[in-house]
K.L.:
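Structure below; questions to follow.
Model, not experiment: these values are computed from the prediction.
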Amino acid sequence: MFGTGLSDYDPTELVGSNRPLIKYRDKHKYAELVLELERTGHGFSAKGITALDEIRSNYANQVADDNTHQTDVTLEVGVTPRTITIKGIFPEDSSSMIGSCWDIVSDPTKWFPIGWPDQGWIHRRSADPAIPGDEPVVDAFPRLQTQTPANSVDLETLRQVTEPGRYERGSRYYEQGSVTGIEFVDDSLQATVQGSRPYEVQVTLSEGSYVSGQCSCPDDTVPCKHIVAAVLGSGDVEAVGDGQSIDTLLEEASAKELRAVLAELADEDMRVRKRLYEKLGED
């Protein structure tokens, strides 16, 4: 989850988040990124700091021969390593730097519990950050430790059709609990995957194997990392209607049962009610 001043992101949606944050700040000619674990109850581990410093170093090498870049690219670690700041970035490079840093900031294997009297506890939404939270990290991030996907997920096919880097990032999203709102009906899967913002994913599966997918993210490559995460998440839920066709279900239902279901749907959803008037109303 990002908290930034960039036009692509809306930081007002992130107030009170107990997720990691990346904040973008314009500083005249240059910009800086502030990477925060403040509200997770964690700090960056030595492994995480090293990985972020490698990103800083790569960017410094990238701009070394650019005569218009006349400042050092630095990485500053807070007194406690809950916050890391990377300075000396061209504003036009901020989006790509955010993407690179997010893979590190959002990876709990690069955190360690720190800072609260009861380590490993986080704040609830909208809580005062000065007050230690009372929600266990493992509850807020249910997949901090890698889960083995269910046997129902065909990992081999998914790996074959996915670019390796996207597969690994999608796996991390799944492991971090970024897949929510899963709806699995027949061979169709819908889910929300939290990346830089929430993305809506639709996937078609066949006996656990990936067939096709769509995602609302800007990545033109399919499957993207969000689709990978959603497919892995499919193993956590049972498909509704699995092994039974909708045609058979309708044929076996009584007229009374169908009327009751339609009445309930029409009461819950105006679009259904409108369709019933259009299809069954008087001409």
K.L.:
Quick one: closest heavy-atom pair of Ile182 and Gly233, and the distance?
P.N.:
CD1-O, 3.5 Å

K.L.:
Identify the two heavy atoms, one from Leu232 and one from Val153, that lie closest to each other, and give their separation to 0.1 Å.
P.N.:
O-CG2, 4.1 Å

K.L.:
Can any side-chain N or O of Asp107 pair as donor or acceptor with the backbone N or O of Thr109 at less than 3.5 Å?
P.N.:
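A pair under 3.5 Å: yes.
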
K.L.:
Does any N or O in the side chain of Ser57 come within less than 3.5 Å of the main-chain N or O of Asp53, such that one atom is a donor and the other an acceptor?
P.N.:
no

K.L.:
Taking Asn58 for its side chain and Glu54 for its backbone only, find out whether a donor-acceptor pair lies under 3.5 Å.
P.N.:
yes

K.L.:
Over all heavy atoms of both residues, which pair between Ser96 and Asp93 is shortest? Give the atoms and the distance, please.
P.N.:
OG-O, 2.9 Å

K.L.:
Between His69 (side chain) and Ala60 (backbone), is there a donor-acceptor pair under 3.5 Å?
P.N.:
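Here the side-chain-to-backbone pair does not exist.
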
K.L.:
Output side-chain donor-acceptor pairs under 3.5 Å for residues 201-216, partner residues at least two apart or in another chain, one line each.
P.N.:
from, atom 1, to, atom 2, distance (Å)
Ser209, OG, Asp154, OD2, 2.6
Tyr210, OH, Gly213, N, 3.0
Ser216, OG, Glu200, N, 2.9

K.L.:
In this structure, would Leu276 and Met270 fall into the same cluster of hydrophobic residues linked by side-chain contacts under 4.5 Å?
P.N.:
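Each belongs to a different hydrophobic cluster.
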
K.L.:
Measure across Trp111 and Val105 and return the closest heavy-atom pair with its distance rounded to 0.1 Å.
P.N.:
NE1-O, 3.0 Å

K.L.:
Only one of Val34, Val77, Leu33 clears side-chain contact (heavy atoms from CB on, under 4.5 Å) with Ile84; which?
P.N.:
Val77

K.L.:
Looking at every heavy atom in both Lys110 and Ala51, which two are closest together, and how far apart are they?
P.N.:
CE-CB, 4.1 Å

K.L.:
Should the pair Tyr30 and Phe90 be assigned to parallel (<30°), tilted (30 to 60°) or perpendicular (>60°) ring geometry?
P.N.:
parallel

K.L.:
State, to 0.1 Å, how close Ala191 and Ala230 come at their nearest heavy-atom pair, and which atoms those are.
P.N.:
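Here Ala191 and Ala230 meet closest at CB-CB, 4.3 Å.
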
K.L.:
When you look at CG of Asn61, are more than 12 heavy atoms from neighbouring residues, nucleotides or ligands closer to it than 6.0 Å?
P.N.:
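Result for CG/Asn61: enclosed.
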
K.L.:
Got a donor-acceptor contact below 3.5 angstrom from the Lys87 side chain to the Glu76 backbone?
P.N.:
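Checking the backbone N and O of Glu76 against the side chain of Lys87, no donor-acceptor pair under 3.5 Å is found.
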
K.L.:
Determine whether a donor-acceptor pair (N or O, by modelled atom type, separation under 3.5 Å) exists between the side chain of His226 and the backbone of Val228.
P.N.:
no

